[in-house]
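Since we're looking at a predicted model, the values are computed, not measured. Just so you know, residue 1 is the first one in the sequence shown, and it goes up from there.
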Amino acid sequence: MVSDWSHLLQGGFFIALLVAATIWDAKKQIIPDVICLGIALTGLLDFTPEKLFGLLTAAVFLFLALFLGGLFGGDIKFSAAVGLVLGFQKSMTGMILGLILMLAFHMIYTLILKRHRKDIKKSYPLAPFLSIGCLAAYFLC
């Protein structure tokens, strides 16, 4: 019974903080450290030692940032925080879903802009897409 309440409470905080990260990143293209810290602390509400492996999600994003570019520190910290809530497997599932969603968005957006002969954006805020993917992983996996 206590586990159900902690999971429900964690889910509520997780949703609220992902929405905050989404809005902040969409407006300012930055994810504040306090939001990442809040997400990480949310992981304590339903903590198991296995969820520490979720930090490896950040290692994947750090590798991508170092060798491919385009990712910033906020994205890496965000992925680490989400990893503490979801654990490695679910967080990777969420990140992959989010990246697929971003790719689909980019393809559709590019087609629309090309049709209207407008310039194509080179980058997008990542948190909105990752947040959707992570919420799907949290509730569906």
Residue pair [X] / [Y], side-chain heavy-atom distance below 4.5 Å:
| X | Y | result |
| --- | --- | --- |
| Ile15 | Phe139 | yes |
| Leu84 | Leu55 | yes |
| Asp46 | Lys51 | yes |
| Phe129 | Leu99 | no |

Would [X] and [Y] show up in the same hydrophobic cluster when neighbours are defined by side-chain heavy atoms closer than 4.5 Å?
| X | Y | answer |
| --- | --- | --- |
| Leu97 | Met102 | no |
| Phe105 | Leu101 | yes |
| Ile23 | Leu37 | no |
| Val82 | Leu135 | yes |
| Ile96 | Phe88 | no |

Euclidean distance, [Y] [atom2] relative to [X] [atom1], rounded to 0.5 Å:
| X | Y | atom1 | atom2 | result |
| --- | --- | --- | --- | --- |
| Gln89 | Thr57 | CD | OG1 | 11.0 Å |
| Leu9 | Leu45 | CG | CG | 5.0 Å |
| Leu130 | Ile31 | CG | CD1 | 7.5 Å |
| Phe61 | Leu56 | CZ | CG | 13.0 Å |
| Phe13 | Leu41 | CZ | CG | 10.5 Å |
| Ile35 | Phe78 | CD1 | CZ | 9.0 Å |

Does a donor on one side chain sit under 3.5 Å from an acceptor on the other, for Tyr138 and Gln10? yes
Give a yes-or-no answer on whether the side chains of Thr22 and Ser131 include a donor-acceptor pair shorter than 3.5 Å. yes
Please report the shortest heavy-atom distance between [X] and [Y], naming the atom on each side.
| X | Y | value |
| --- | --- | --- |
| Ala40 | Ala81 | N-CB, 3.8 Å |
| Met95 | Cys134 | CE-SG, 3.7 Å |
| Ser79 | Ala58 | OG-CA, 3.3 Å |
| Ala137 | Leu86 | CB-CD1, 4.4 Å |
| Cys36 | Gly74 | SG-O, 4.1 Å |
| Trp24 | Ile30 | CD1-O, 3.0 Å |

Asp25 side chain to Leu126 main-chain N or O, any donor-acceptor pair under 3.5 Å? yes
Give a yes or no on this: more than 12 heavy atoms of other residues, nucleotides or ligands lie within 6.0 Å of atom CZ of Phe63. no
Gln29 atom CD, neighbour heavy-atom count above 12 within 6.0 Å: yes
Other members of the hydrophobic cluster containing Leu103, with the 4.5 Å side-chain heavy-atom rule, please. Met107
Taking only residues two or more places apart in sequence or in another chain, which ones pass ring pair (Phe, Tyr, Trp, His ring centres under 6.0 Å) with Phe47? none
